[in-house]
**Q** 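Attaching a single structure in C-alpha cells format; questions to follow.
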Amino acid sequence: MKYIPVSNHQSVDLKLIPQLSYSEFRDVNVDLLFEAPERHCVNYFGVELDGELHLFSCIADDNSHEVNVSSTVVNPSVEYHSLTALNHNFENFEREISENFGIKYSDHPWLKPLRYPKNRFDQSSSIANHPFLRASGEELHEVGVGPIHAGIIEPGHFRFIANGEQIMHLEMQFGYQHRGIEDLFLKKRKLIERITLAENIAGDTTVGHTTAFVNLWENLSGFIPDYSLDFSRTVALELERIAIHTGDLAAICADIAYQLGNSVYGRLRTPIVNFMQEWGGNRLAKGLIRAGGINFPFTSELSLRLLEILKAFEAGFNEMSGKFFKLPSALSRMEKTGVIKYDQALEIGTVGNSAKMSGLMRDIRISHPFNLYKTAIQHTPIIKHHGDVYSRVQLRREEIWQSIGYLRTLMKSLPDSTTPPNWQLVPEPDKFIISLVEGWRGEICHCAITDSKGELEIYKIKDPSFHNWMALAQAVRNNDISDFPICNKSFNLSYCGFDL
Amino acid sequence: MLENFKIMWHQGKQYIPDVTTAIVPGIFRGRPVISTVKFDEAELLEICPTKAINATAIGSGDDENHTAQSLVSIDLGKCTFCGECASRFPEKIRFTKDYKISSNDRSRLIIREGDDSPIIMNSELIRKEIHRLFGKSLKLRQVSAGGDNSCEWELNASNNVQFDMSRFGIDFVASPRHADGIVITGPISENMAEPLEICYNAVPDPKIIILAGTDAISGGIFADSPAINRHFLSKYPIDLYVPGNPVHPLTFINGVLDLLRKV
Ligand code: SF4
C-alpha cells in the first residue's frame with residue numbers, strides 16, 4: 001500500500017500511514033492527481049516527530065469519498081525535487097514547508113516566503129522586503145495596494161504590474177494577519193481555549209471552522225455526536241452561508257456603485273445574523289458550536305421564528321434579485337470580467353465556489369459528507385461554467401435559495417433533546433485525523449496528530465482561501481485595474497484564514 | 001424606475017430610530033451581572049478561556065468559620081463573551097442585554113460582584129478638545145491588525161441602513177490623512193505593528209485611538225502568542241475601549257457618541 005484511504009473525520013492509527021521514500025512519495029501523489037479531476041490535495045504539511053521531519057500528503061478522492069494519506073521523511077540539509085514542478089496544486093503547500101523548515105527545492109517555480117510566520121526557518125526574511133516579481137519597460141508601471149486597504153477589511157499587500165489601465169500581473173503578499181494560531185492550538189491545553197481559537201480562525205466563518213474542529217475532536221476522543229448536534233451544526237452552516245452570501249451581494253453592488261442593491265441586500269442580511277443571536281447570543285455564532293453538546297438547544301419556537309424570517313427574507317431577496325440580475329448596467333460590469341476557465345481552476349486547485357463557478361465540482365457536502373449532509377439533506381451542488389464575476393454572483397443567489405430550502409427541510413425534523421457540552425473529551429493517543437467541512441467559501445480542512453499520551457503533535461488548519469487566492473491573481477490578468485475591486489469582492493477570500 | 005420605487009417602498013423604514021434605546025433581539029450577551037452567591041470559585045476560574053474572571057480574596061480564611069471569602073469580577077476587556085461561565089453557573093453569572101459596555105477608562109470594564117450599574121465614561125479622562133473638534137464630525141480610519149474579520153464585519157454593519165452611523169457625522173474614511181483617529185481591531189500581529197504605526201503617524205493631530213473588540217483591548221485568546229506585538233499601545237493614549245467578540249454595532253455607536261458628548 002502506498003497510501004491509506006481515510007474517511008472524513010474518522011481517526012486512524014498513525015502507524016498505519018505508509019511511509020515512503022521521498023521519490024516514491026512524490027510519484028505517488030503527483031500520479032494520484034494526474035488526469036483525475038475528482039482528486040485534489042486537501043492538505044500537505046510537515047511536522048517534526050521524534051526528531052525527524054515528516055511530510056504528510058492528503059489527496060481527497062471525491063468519487064471514493066475518502067482521503068488518501070501518505071507520508072515520507074525528509075532531511076532539511078538535502079535539496080529535493082518539488083511536487084509543484086509537476087502539479088501546481090502543491091505550490092503553496094511546498095512554499096509553507098520550505099518557509100517553516102528550510103527545505104530546499106531545486107525546481108519549485110515560485111519558492112518565495114508564504115506568510116512570514118514568527119517561527120519561520122529563515123529569520124532574515126522580512127515581510128517588508130518581499131521578493132516581488134519586478135517588471136521593466138517604459139510602458140509598464142507597478143501599483144502597490146496595502147497592507148492597509150481603503151475599506152474596513154483585513155490587511156494584505158497586492159502588487160500589480162500594469163500596462164496603462166490593464167493588469168498584466170498581480171502578486172499577493174500575505175502574513176500581516178499571522179497570529180501563530182496553529183501553535184496556540186498546541187500550547188493551550190484546555191478544550192474551551194481550543195474552541196475559542198477555532199472560533200477566531202476566521203470570524204466570518206466561525207461556524208465552518210468550529211464545526212471542523214468539533215467534528216475532529218469528538219471522533220478523536222471516541223465521542224459519537226447525536227442527531228441534535230449534527231442538526232445544529234448543519235443549520236448553523238446553512239445560516240452562515242445565507243448571511244455571508246447576502247452580504248457579499250451587497251458589497252458587489254457597492255463596488256459597481258449600485259446603491260439600491262447595496263442597501264437592500266445589506267439590510268436583508270441583518271435578520272439572518274440577528275437570528276443567530278436569538279439562538280446563541282452572538283450575531284456571528286461565536287459561542288454556539290461546542291464539542292460533545294451545545295449550550296443553546298434549537299427549540300420549536302426558534303424553528304417557527306426561523307421559518308417566519310426566511311419567508312420575509314425570500315420575498316425581499318427575490319424582489320431585489322429580480323431587478324439586479326436583469327440590470328444591463330450591472331450585467332455589463334460582471335459578465336466576462338475576472339474569468340477563470342475550467343483548466344485554470346483545475347491547475348490551481350481551487351475549491352468551493354471558486355471551483356464551481358468554472359464547472360469544477362468541489363463541494364465537501366457531497367464528496368465527503370459530514371453532519372446531516374448525507375442523511376437529512378441530499379445535496380446537489382450548483383455549478384456554473386463561465387468562471388466570471390457573474391458566475392460567482394449567480395452561484396451566491398442560487399446557493400441562498402438552496403440553503404433556504406435545506407433549512408425548511410431541517411425544520412421538519414427538530415431534535416427532541418440536547419445535551420450540554422462535554423468538556424471531558426480526551427483524545428486517543430497516536431492517531432491521525434482529518435476533518436473536512438464545506439463552509440460558505442468552500443472546503444475547510446483541519447488535521448491533527450496525537451502523540452503517545454494523546455497530546456497534540458500538530459494541529460493543521462487550511463481555509464479554502466489557501467487555494468483560491470491564486471485564482472483571483474489569475475482572474476484579474478488583462479482586466480482593467482478599475483475592475484479589481486469587483487473581482488476581489490466576488491471571490492471574497494480570507495486573509496486571517498490564510499495567515500494562521 | 002417604477003420597479004425601483006416599488007422595491008424601496010417594500011423595504012419600509014429600516015433604520016433604527018433611536019440607537020441609544022433600541023432593544024436587541026434574543027439572548028444577546030452584553031454587560032454581565034455577578035451575583036453574591038458564594039461557592040467554590042476555582043471551577044469558575046477554570047472554565048474561562050481568557051482568564052477574564054478573577055477572584056480576589058477579601059477574608060484571610062482565619063476568621064471564625066475558617067472560610068476564605070472572595071469577590072468575583074469579570075474583565076470585559078479580556079472576556080470573549082463565550083457565555084460558558086453563565087451557562088454553567090447561571091446562579092452566579094448572568095449576561096444582560098445591555099450593549100452599552102464601552103468606556104474610555106480601562107478599569108471600568110471590570111465588572112464586580114454585586115454591581116448592576118451601567119458602564120459609563122470617565123469624564124475626567126476625556127480630552128477637552130474631543131467634543132469641540134469632533135463632536136459634530138468624526139472621520140475614522142480602521143486598521144485591522146490580526147483581526148479575524150468579525151469586528152471588521154460589524155464595523156461595516158454600523159453603517160448599513162439599519163444602524164446608519166453616518167447620521168451622527170461618524171464615518172470611516174479611506175485615507176489616514178482625512179481621518180481624525182484610528183479604530184484598531186485584532187490583537188496586533190507582529191507583522192502589522194509597523195504598518196499600524198505608519199498609519200497612525202499619517203493621521204493629523206489631534207487624533208484619537210479606539211480599540212474595538214476583545215482582541216484589540218487585551219489580545220483576547222491571542223494574548224500570550226509570540227506572534228503578536230502590542231508595543232504600539234503602550235506608546236499612545238487610548239481614548240475608547242469597545243468590548244465585544246465581535247463588537248456589536250450598537251456598542252460601537254453608543255461608545256463613540258458618549259465619547260463625543262460635551263463634558
Ligand atoms: S463569557 Fe467571558 S468571563 Fe465568561 S467564561 Fe467566557 S470569556 Fe470568561
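Every heavy atom of this structure was used, including side-chain atoms; hydrogens, water molecules and symmetry mates were not. Throughout, protein chains are lettered first and strands after them, A, B, ... in sequence-line order, and every chain is numbered starting at 1.
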**Q** One pair to check against side chain to side chain donor-acceptor pair (under 3.5 Å): A/S465 and A/Y495. What are the steps and the verdict?
**A** CA-CA 8 Å; A/S465 312; A/Y495 301 75; over 6 Å; no
**Q** Can you tell me how far apart CD (A/E154) and NE2 (A/H149) are? Round to the nearest 0.5 Å.
**A** 9.0 Å
**Q** Going by heavy atoms in the side chains, are B/E197 and B/K235 under 4.5 Å from each other?
**A** yes
**Q** Of all of A/D183, A/T206, A/I127, which one pairs up most often with chain B through heavy atoms under 4.5 Å apart?
**A**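 Between A/D183, A/T206, A/I127, the count favours A/I127.
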**Q** Any side-chain heavy atom of A/I444 sitting closer than 4.5 Å to one from A/P464?
**A** yes
**Q** Which of residues 166-186 of chain B have a heavy atom under 4.5 Å from any heavy atom of chain A?
**A**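 Against chain A, the residues of residues 166-186 of chain B that fall inside the cut-off (heavy atoms, under 4.5 Å) are B/F172, B/V173, B/A174.
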**Q** Between B/N4, B/I228, B/V143, which residue shows the highest count of heavy-atom pairs closer than 4.5 Å to chain A?
**A** B/N4
**Q** Side chain from CB out, backbone as N, CA, C, O: work out which of these in B/D215 comes under 4.5 Å of a heavy atom of chain A, or both, or neither.
**A**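 Just its side chain gets close to chain A.
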**Q** B/K6 versus chain A, heavy atoms under 4.5 Å apart: side chain, backbone, both or neither?
**A** both
**Q** Counting only heavy atoms closer than 4.5 Å, note whether A/W423 contacts chain B via side chain, backbone, both or neither.
**A**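 The answer is the side chain of A/W423.
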**Q** Regarding A/K188 and B/D224, does a basic nitrogen lie under 4.0 Å from an acidic carboxylate oxygen?
**A**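 Judged by the 4.0 Å cut-off on N to carboxylate O distance, A/K188 and B/D224 do form a salt bridge.
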**Q** By a 4.5 Å heavy-atom criterion (distance strictly below it), what part of B/P226 contacts chain A: side chain, backbone, both, or neither?
**A** both
**Q** Is a donor on one side and an acceptor on the other found under 3.5 Å between the side chain of A/R241 and the backbone of A/G439?
**A**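 Such a contact is found between A/R241 side chain and A/G439 backbone.
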**Q** Can you tell which of B/G220, B/C82, B/G147, B/C48 has the highest number of heavy-atom pairs within less than 4.5 Å of chain A?
**A**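 Ranked by contacts with chain A, first place is B/G147.
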**Q** When only heavy atoms count and the cut-off is under 4.5 Å, which of residues 149-160 of chain B reach chain A?
**A** B/N149, B/S150, B/E152, B/W153, B/E154, B/L155, B/N156, B/A157, B/N160
**Q** Identify which part of A/I192 has an atom lying under 4.5 Å from any heavy atom of chain B, answering side chain, backbone, both or neither.
**A**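 Both the backbone and the side chain of A/I192 come within 4.5 Å of chain B.
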**Q** Relative to each other, are the rings of A/F498 and A/F174 parallel, tilted or perpendicular (30° and 60° limits)?
**A**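 A/F498 and A/F174: tilted rings.
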**Q** Taking every non-hydrogen pair under 4.5 Å, which of A/A315, A/G280, A/G151 racks up the most with chain B?
**A** A/G280
**Q** Less than 4.5 Å to any heavy atom of chain B: does that hold for the side chain of A/L500, its backbone, both, or neither?
**A** neither
**Q** Is A/H209 reaching over with its side chain to a backbone N or O of A/E199, donor-acceptor style, under 3.5 angstrom?
**A** no
**Q** Flag the one option from B/T50, B/T80, B/L196, B/D148 with the top tally of heavy-atom pairs under 4.5 Å to chain A.
**A**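 Option with the greatest count: B/D148.
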**Q** Taking only Lys NZ, Arg NE, NH1 and NH2, and the carboxylate oxygens of Asp or Glu, determine whether A/R305 and A/E308 approach each other closer than 4.0 Å.
**A** yes
**Q** Pick whichever of A/N119, A/N295, A/L302, A/D499 has the most heavy-atom pairs under 4.5 Å with chain B.
**A**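 So the answer, after comparing A/N119, A/N295, A/L302, A/D499, is A/N295.
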**Q** Between B/S102 and B/T251, is there a donor-acceptor pair closer than 3.5 Å when you use the side chain of the first and the backbone of the second?
**A**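 Indeed, once roles are kept as given, a pair shorter than 3.5 Å links the two residues.
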**Q** Quick check for you: among A/A128, A/G497, A/A150, which has the greatest number of heavy-atom pairs under 4.5 Å with chain B?
**A**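 The option with the most such pairs is A/A150.
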**Q** Sort B/S225 into side chain, backbone, both or neither according to what part of it lies under 4.5 angstrom from a heavy atom of chain A.
**A**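 Both backbone and side chain.
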**Q** Please state whether the rings of A/F313 and A/F317 are parallel, tilted or perpendicular, taking 30° and 60° as the class boundaries.
**A**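 Ring orientation of A/F313 relative to A/F317: parallel.
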**Q** Under 6.0 Å from the six-membered ring centre of B/Y200 and within 45° of its axis: does the NZ or CZ of B/K207 meet both?
**A** yes
**Q** With only heavy atoms counted, which part of A/P420 is less than 4.5 Å from chain B, the side chain, the backbone, both or neither?
**A**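 Looking at A/P420, nothing touches chain B.
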**Q** Quick one: which of A/E319, A/K190, A/H178 has the most heavy-atom pairs under 4.5 Å with chain B, could you say?
**A** A/E319
**Q** Could you check whether A/K187 pairs with A/E193 (Lys NZ or Arg NE/NH1/NH2 to Asp/Glu carboxylate O, under 4.0 Å)?
**A** no
**Q** If I compare all heavy atoms of A/R283 with all of A/Q277, which pair ends up nearest, and what's the gap?
**A**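 Residues A/R283 and A/Q277, closest heavy atoms: CG-OE1, 3.2 Å.
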**Q** Indicate yes or no: at least one non-hydrogen side-chain atom of A/T196 is less than 4.5 angstrom from one of A/N200.
**A** yes
**Q** For the residue pair A/F185 and A/Y459, does the interplanar ring angle fall in the parallel (under 30°), tilted (30 to 60°) or perpendicular (over 60°) class?
**A** parallel
**Q** So A/L306 and A/W279, do their side chains get closer than 4.5 Å, heavy atoms only?
**A** no
**Q** Tell me if the centroids of the rings in A/W217 and A/F213 come within less than 6.0 Å of each other.
**A**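 So the answer is yes for these two rings.
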**Q** Name the region of B/F95, side chain, backbone, both or neither, that has any atom closer than 4.5 Å to a heavy atom of chain A.
**A** neither
**Q** What part of A/I152 is in contact with chain B, defined as an atom under 4.5 angstrom from a non-hydrogen atom: side chain, backbone, both or neither?
**A** both
**Q** What part of B/I47 is in contact with chain A, defined as an atom under 4.5 angstrom from a non-hydrogen atom: side chain, backbone, both or neither?
**A** backbone
**Q** Mind telling me whether A/F158 and A/W469 have parallel, tilted or perpendicular rings, with 30° and 60° as the class edges?
**A** tilted
**Q** Top residue by heavy-atom pair count (under 4.5 Å) with chain A, among B/H248, B/E194, B/Q14, B/Q142?
**A**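 When all of B/H248, B/E194, B/Q14, B/Q142 are compared, B/Q14 has the most.
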**Q** When only pairs under 4.5 Å are counted, which of A/A251, A/G287, A/G175 shares the most heavy-atom pairs with chain B?
**A**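 The candidate making the most pairs under 4.5 Å is A/G175.
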**Q** Strictly distance-based, threshold 3.5 Å: is any side-chain N or O of B/R230 a donor or acceptor partner for the main-chain N or O of B/I217?
**A**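 Checking the backbone N and O of B/I217 against the side chain of B/R230, a donor-acceptor pair under 3.5 Å is found.
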**Q** Taking side chain as everything from C-beta outward and backbone as N, CA, C, O, which of these in A/R194 sits under 4.5 Å from a heavy atom of chain B? Side chain, backbone, both or neither.
**A** neither
